[in-house]
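Structure first, commentary second.
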Amino acid sequence: MNQIQRIYNKLHSSFGPQGWWPLTVSGYKTRHHSGEPKNDRHRLEIIIGAILTQNTSWKNVEKALENLSKNKLISIERIKKISQDKLAKLIRSAGYYNQKAERLKIMADFLLKNPMKKLDKLSIGELRERLLAVKGIGPETADSIILYAFQKPIFVIDAYTKRIFERLGFKEKDYDELQRLFMDNLEKDYKTFNEYHALLVELGKNHCRKKPSCEKCPIAGYCNGK
DNA sequence: CGCCAGGGCCTCA
DNA sequence: TGAGGCCATGGC
């Protein structure tokens, strides 16, 4: 077994299954105890959440999602109709609210022209290319959407992932390189990629923070410290 | 009070 | 292609 796989096993047995994506307003999580999307509304909530959480803690995003939900704005058509200014006020708690309001509007446009049913039929490569062409959607957001909204096997790299694996001593640095490291060393399995990324977020929040606290870190044995 | 959070775009070498 | 500025709130 390779190191990438070993680290996954250790994290999984320590933290347990994470069941991402953390749907919060679509009512799916409470009914089914799983964040897996079942319909287009769930998918849209994930897409919106992925944009809102750019460089922002999930806690701040939840409030914004609640506000959107109250105003029936987990809807492509309703996002189209509302003014960007009003939208910005509703998502204020997520930070960068003017930018993010614009990004949500642009994404709504994109989804009107590219219905999810059609996007779902595309190959991963093609879907990724189309998402990356949308202004405001970079590699991490695109991959989060592909993995968590469309349940296709691609590995999401975020700031936590970069930090954790740098500390572990891996030399891969840029996004694509790091992504390949995971995809080449794991089964190309949607559930594995889903869980692994979620587990890394958990590790990053609780142990491998900017200022690390390694005492109780479950993978301290694989790490040089630092 | 200062630091940081599940990025991405733009500009300028 | 890489570094640096910019966008901003809320938790700790």
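Each chain gets a letter, A, B and so on, in the order the sequences are listed, and its residues count up from 1.
Distance, Glu202(A) CD to dA5(B) C1': 15 Å, rounded to whole Å. Distance, Lys211(A) NZ to dC4(B) C1': 13 Å, rounded to whole Å. Atom CG of Asn55(A) and atom C1' of dC10(B) are 16 Å apart (whole Å). The CG-C1' distance, from Leu52(A) to dG7(B), rounds to 12 Å in whole Å. Rounded to a whole Å, the CD atom of Gln99(A) is 11 Å from the C1' atom of dC10(B). In this structure, the CZ atom of Arg209(A) is 12 Å from the P atom of dC4(B), given to the nearest Å. Rounded to an integer number of Å, the gap from CD1 of Ile51(A) to P of dA5(B) is 21 Å. Straight-line distance from the CD1 atom of Ile47(A) to the P atom of dG7(B): 18 Å, rounded to whole Å.
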- Under the side-chain contact (heavy atoms from CB on, under 4.5 Å) rule, what do Asn9(A) and Met1(A) come out as? Steps first, then yes or no, please. CA-CA 10 Å; Asn9(A) 292 343; Met1(A) 198 189 313; 3.1 Å; yes
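A ring-centre distance under 6.0 Å is found for Tyr8(A) and His12(A).
Using a 4.0 Å heavy-atom distance criterion, Asp158(A) is classed as a sugar-phosphate-only contact. When heavy atoms are screened at a 4.0 angstrom cut-off, Lys100(A) is found touching no nucleic acid atom at all. Heavy atoms of Gly95(A) sit under 4.0 angstrom from at least one base atom. Within 4.0 Å of Ile137(A), counting heavy atoms only, lie sugar-phosphate atoms of the nucleic acid but no base atom. Nucleic acid contact for Glu140(A): sugar-phosphate only, since backbone atoms but no base atoms lie under 4.0 Å from a heavy atom of the residue.
Applying a 4.0 Å cut-off to non-hydrogen atoms, the residues of residues 57-71 of chain A that approach DNA chain B are Ser57(A), Trp58(A), listed by residue number. Contacts with DNA chain C (heavy atom under 4.0 Å) in residues 172-189 of chain A: none are found.
Residues Arg180(A) and Glu172(A) are not paired through a salt bridge, judged by the lack of any N-O separation under 4.0 Å between the basic side chain and the carboxylate. Ion pair Glu202(A)/Lys205(A) not flagged as a salt bridge, since none of the NZ, NE, NH1 or NH2 atoms sits closer than 4.0 Å to an Asp/Glu carboxylate oxygen. A salt bridge links Glu36(A) to Lys191(A): one of the charged nitrogens lies within less than 4.0 Å of a carboxylate oxygen. Using a cut-off of 4.0 Å between Lys/Arg side-chain N and Asp/Glu carboxylate O, Lys173(A) and Glu177(A) are scored as not salt-bridged.
The footprint of chain A on DNA chain C, defined by a heavy-atom cutoff below 4.0 Å, extends from dC7(C) to dG10(C).
Atom P of dC10(B) sits at a distance of 15 Å from the matching atom of dA8(C), rounded to the whole Å. Taking the P atom of each, dC3(B) and dG5(C) are spaced 15 Å apart, rounded to whole Å.
Take Tyr97(A) and apply the side chain to side chain contact (heavy atoms under 4.5 Å, CB included) test, not counting sequence neighbours, and it matches Ala88(A), Ile91(A), Arg92(A).
Taking 4.0 angstrom as the limit, Thr53(A) places none of its side-chain polar atoms (N or O) nearer than this to OP1 or OP2 of dG7(B).
In the hydrophobic cluster analysis, where Ile, Leu, Val, Met, Phe, Trp and Tyr join through side-chain heavy atoms closer than 4.5 angstrom, Ile154(A) is grouped together with Phe165(A).
Between Trp21(A) and Trp58(A), the angle of the ring planes goes over 60°, which puts this pair in the perpendicular group of the 30/60° scheme. Between Phe182(A) and Phe155(A), the ring planes are parallel. Angles under 30° get that label, and only those over 60° would be called perpendicular.
For residues 106-120 of chain A, the pairs satisfying salt bridge (charged side-chain N to carboxylate O under 4.0 Å, His left out) are Asp40(A)-Lys117(A), Lys80(A)-Asp109(A), Asp120(A)-Lys152(A), with sequence neighbours left out.
Across Ile164(A) and Gly204(A), no two heavy atoms sit closer than the pair CD1-N, 4.1 Å.
Heavy-atom neighbours of Lys10(A) NZ from other residues, nucleotides or ligands within 6.0 Å: at or below the threshold of 12. Surrounding CD of Glu187(A) are at most 12 heavy atoms belonging to other residues, nucleotides or ligands under 6.0 Å away. At most 12 heavy atoms of other shown residues, nucleotides or ligands fall within 6.0 angstrom of atom CD in Glu129(A).
Listed by first residue number, the stems of DNA chain C with at least three Watson-Crick or G-U pairs below 3.5 Å are B:2-5 with C:9-12, B:7-13 with C:1-7.
Mapping Ala50(A) and Leu132(A) onto DNA chain B by nearest heavy atom places Ala50(A) at the nucleotide closer to the 5' end. Mapping Ala159(A) and Lys135(A) onto DNA chain B by nearest heavy atom places Ala159(A) at the nucleotide closer to the 5' end.
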